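Okay, so here's the structure we're looking at.
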Amino acid sequence: MVSMDTLTIKTENKFRSLITRQAYAKGEVICGIPTEKVIDRANRYTVQIGHDKHTEVGKLSALNHSCDPNVILDTERLVMVARRDIDKGEELSFFYPSTEWEMDAPFICLCGSSNCIHVVAGARFLALSTLENHYLNRHIREMMIDLLNNTELHLTQILEV
Ligand SMILES: [Zn+2]
(Lines give C-alpha, C1' and ligand atoms only; values in the text may rest on other atoms or scores of the structure.)
Protein backbone atom coordinates (compact mmCIF):
# COMPACT_ATOMS: atom_id res chain seq x y z
CA MET A 1 0.00 0.00 0.00
CA VAL A 2 1.33 3.44 -0.94
CA SER A 3 1.59 5.66 2.16
CA MET A 4 0.30 9.19 2.79
CA ASP A 5 3.72 10.53 3.87
CA THR A 6 3.82 13.06 1.02
CA LEU A 7 0.52 14.66 2.11
CA THR A 8 0.10 17.48 4.66
CA ILE A 9 -3.06 18.93 6.17
CA LYS A 10 -3.09 22.73 6.11
CA THR A 11 -5.49 24.55 8.45
CA GLU A 12 -6.45 28.19 7.87
CA ASN A 13 -9.30 29.78 9.86
CA LYS A 14 -10.48 26.26 10.77
CA PHE A 15 -10.68 25.47 7.03
CA ARG A 16 -8.69 22.33 6.26
CA SER A 17 -7.05 21.43 2.97
CA LEU A 18 -4.73 18.68 1.81
CA ILE A 19 -1.42 19.66 0.21
CA THR A 20 1.07 17.47 -1.61
CA ARG A 21 4.79 17.89 -0.92
CA GLN A 22 5.62 15.93 -4.06
CA ALA A 23 4.76 16.32 -7.76
CA TYR A 24 2.77 13.58 -9.52
CA ALA A 25 2.24 12.66 -13.16
CA LYS A 26 -1.25 12.07 -14.54
CA GLY A 27 -2.41 8.54 -13.72
CA GLU A 28 0.11 8.02 -10.93
CA VAL A 29 -1.09 6.42 -7.67
CA ILE A 30 -0.64 8.92 -4.82
CA CYS A 31 -1.73 6.75 -1.87
CA GLY A 32 -4.06 4.00 -0.76
CA ILE A 33 -7.55 4.59 0.67
CA PRO A 34 -7.65 3.26 4.27
CA THR A 35 -10.26 0.59 5.01
CA GLU A 36 -9.45 -0.33 8.63
CA LYS A 37 -12.74 1.17 9.82
CA VAL A 38 -15.81 0.75 7.59
CA ILE A 39 -19.20 1.95 8.88
CA ASP A 40 -22.72 2.03 7.39
CA ARG A 41 -23.35 5.79 7.56
CA ALA A 42 -21.56 8.76 6.02
CA ASN A 43 -19.89 11.44 8.10
CA ARG A 44 -17.31 14.17 7.44
CA TYR A 45 -14.43 11.74 7.87
CA THR A 46 -15.65 8.99 5.56
CA VAL A 47 -15.62 8.18 1.86
CA GLN A 48 -18.30 5.91 0.41
CA ILE A 49 -16.89 2.72 -1.13
CA GLY A 50 -20.07 0.65 -1.58
CA HIS A 51 -23.88 0.77 -1.24
CA ASP A 52 -23.80 0.85 2.59
CA LYS A 53 -20.07 1.09 3.13
CA HIS A 54 -18.29 4.22 4.29
CA THR A 55 -14.63 4.03 5.19
CA GLU A 56 -12.87 6.39 7.58
CA VAL A 57 -10.10 7.93 5.50
CA GLY A 58 -7.86 9.67 8.07
CA LYS A 59 -5.81 12.43 6.44
CA LEU A 60 -7.82 12.15 3.22
CA SER A 61 -10.85 13.61 5.04
CA ALA A 62 -9.09 16.98 4.53
CA LEU A 63 -9.56 16.67 0.74
CA ASN A 64 -11.83 19.45 -0.48
CA HIS A 65 -14.39 19.14 -3.26
CA SER A 66 -13.79 20.54 -6.73
CA CYS A 67 -15.90 20.34 -9.88
CA ASP A 68 -12.59 20.32 -11.80
CA PRO A 69 -10.51 18.15 -9.46
CA ASN A 70 -6.87 17.06 -9.69
CA VAL A 71 -7.30 13.63 -8.06
CA ILE A 72 -9.66 10.67 -8.38
CA LEU A 73 -10.61 8.33 -5.54
CA ASP A 74 -10.91 4.90 -7.15
CA THR A 75 -13.00 2.89 -4.68
CA GLU A 76 -12.55 -0.38 -6.57
CA ARG A 77 -8.74 -0.33 -6.57
CA LEU A 78 -8.85 1.59 -3.24
CA VAL A 79 -6.29 4.16 -4.36
CA MET A 80 -6.08 7.90 -4.92
CA VAL A 81 -4.83 8.68 -8.44
CA ALA A 82 -3.63 11.92 -10.10
CA ARG A 83 -6.27 13.04 -12.63
CA ARG A 84 -3.72 15.35 -14.26
CA ASP A 85 -0.12 16.39 -13.66
CA ILE A 86 0.13 17.87 -10.15
CA ASP A 87 2.82 20.24 -8.88
CA LYS A 88 4.58 20.04 -5.55
CA GLY A 89 2.69 22.27 -3.06
CA GLU A 90 -0.68 22.05 -4.85
CA GLU A 91 -3.89 21.52 -2.93
CA LEU A 92 -5.52 18.18 -3.79
CA SER A 93 -9.27 17.95 -4.44
CA PHE A 94 -11.76 15.41 -5.76
CA PHE A 95 -15.33 15.42 -7.05
CA TYR A 96 -17.37 14.40 -3.98
CA PRO A 97 -20.33 12.91 -5.91
CA SER A 98 -17.89 10.46 -7.56
CA THR A 99 -18.00 8.51 -4.27
CA GLU A 100 -20.92 9.99 -2.27
CA TRP A 101 -24.52 9.11 -3.07
CA GLU A 102 -26.08 11.23 -0.34
CA MET A 103 -23.90 13.50 1.76
CA ASP A 104 -24.10 14.10 5.49
CA ALA A 105 -23.26 17.82 5.14
CA PRO A 106 -24.27 19.34 1.77
CA PHE A 107 -22.88 22.76 0.76
CA ILE A 108 -22.77 25.27 -2.08
CA CYS A 109 -19.72 25.07 -4.36
CA LEU A 110 -18.11 28.33 -5.45
CA CYS A 111 -15.24 26.79 -7.44
CA GLY A 112 -15.97 28.92 -10.51
CA SER A 113 -15.33 26.03 -12.93
CA SER A 114 -17.49 25.97 -16.09
CA ASN A 115 -18.50 22.45 -14.94
CA CYS A 116 -19.59 23.67 -11.48
CA ILE A 117 -22.55 21.73 -10.06
CA HIS A 118 -23.23 24.43 -7.36
CA VAL A 119 -25.13 22.22 -4.90
CA VAL A 120 -22.84 19.49 -3.57
CA ALA A 121 -25.17 17.04 -1.81
CA GLY A 122 -24.28 13.71 -3.42
CA ALA A 123 -24.77 12.01 -6.78
CA ARG A 124 -28.47 11.27 -6.26
CA PHE A 125 -29.27 14.99 -6.52
CA LEU A 126 -27.51 15.51 -9.85
CA ALA A 127 -28.81 15.12 -13.39
CA LEU A 128 -27.40 12.26 -15.45
CA SER A 129 -26.23 14.79 -18.05
CA THR A 130 -24.14 16.49 -15.34
CA LEU A 131 -22.75 13.26 -13.93
CA GLU A 132 -21.69 12.12 -17.40
CA ASN A 133 -19.01 14.83 -17.39
CA HIS A 134 -17.31 13.36 -14.33
CA TYR A 135 -15.49 10.24 -13.19
CA LEU A 136 -17.92 8.08 -11.16
CA ASN A 137 -17.22 4.97 -9.14
CA ARG A 138 -19.03 1.70 -9.79
CA HIS A 139 -21.30 1.85 -6.70
CA ILE A 140 -22.50 5.33 -7.75
CA ARG A 141 -23.26 4.14 -11.30
CA GLU A 142 -25.15 1.14 -9.86
CA MET A 143 -27.16 3.30 -7.44
CA MET A 144 -28.01 5.68 -10.28
CA ILE A 145 -29.34 2.77 -12.38
CA ASP A 146 -31.37 1.50 -9.37
CA LEU A 147 -32.88 4.97 -8.90
CA LEU A 148 -33.80 5.20 -12.59
CA ASN A 149 -35.37 1.73 -12.60
CA ASN A 150 -37.40 2.53 -9.46
CA THR A 151 -38.56 5.84 -10.92
CA GLU A 152 -39.65 4.09 -14.11
CA LEU A 153 -41.52 1.49 -12.04
CA HIS A 154 -43.29 4.21 -10.03
CA LEU A 155 -44.27 6.07 -13.19
CA THR A 156 -45.69 2.87 -14.69
CA GLN A 157 -47.71 2.26 -11.51
CA ILE A 158 -49.04 5.83 -11.52
CA LEU A 159 -50.06 5.56 -15.17
CA GLU A 160 -51.80 2.22 -14.59
CA VAL A 161 -54.03 3.56 -11.80
ZN1 LIG B 1 -18.00 23.76 -8.30
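Atoms within each ligand, like the ligands themselves, are counted from 1 in listed order. Keep in mind it's a predicted model, so treat the numbers as computed, not measured.
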- Message: If you apply the rule salt bridge (charged side-chain N to carboxylate O under 4.0 Å, His left out), what do you find for D5 with K59, and how did you get there?
- Response: CA-CA 10 Å; D5 292 351; K59 246 186 200 180; 5.6 Å; no
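In this structure, I39 stands alone, with no Ile, Leu, Val, Met, Phe, Trp or Tyr side-chain heavy atom under 4.5 Å from its own, directly or through other members. Side-chain heavy-atom separations under 4.5 angstrom define the hydrophobic clusters, and I145 shares its cluster with no other residue.
Counting only residues at least two apart or in different chains, ring-ring contact (aromatic ring centres under 6.0 Å, His included) contacts with residues 9-56 are absent.
Around the Zn ion (ligand 1), protein N, O or S atoms at less than 2.8 Å comprise C67 SG, C109 SG, C111 SG, C116 SG.
By the criterion of side-chain heavy atoms lying less than 4.5 angstrom apart, applied directly or through intervening Ile, Leu, Val, Met, Phe, Trp or Tyr residues, L92 is not grouped with I72; the two fall into different hydrophobic clusters.
Using a 30° and 60° split on the angle between ring planes, H65 and F95 fall in the tilted class, from 30° to 60°.
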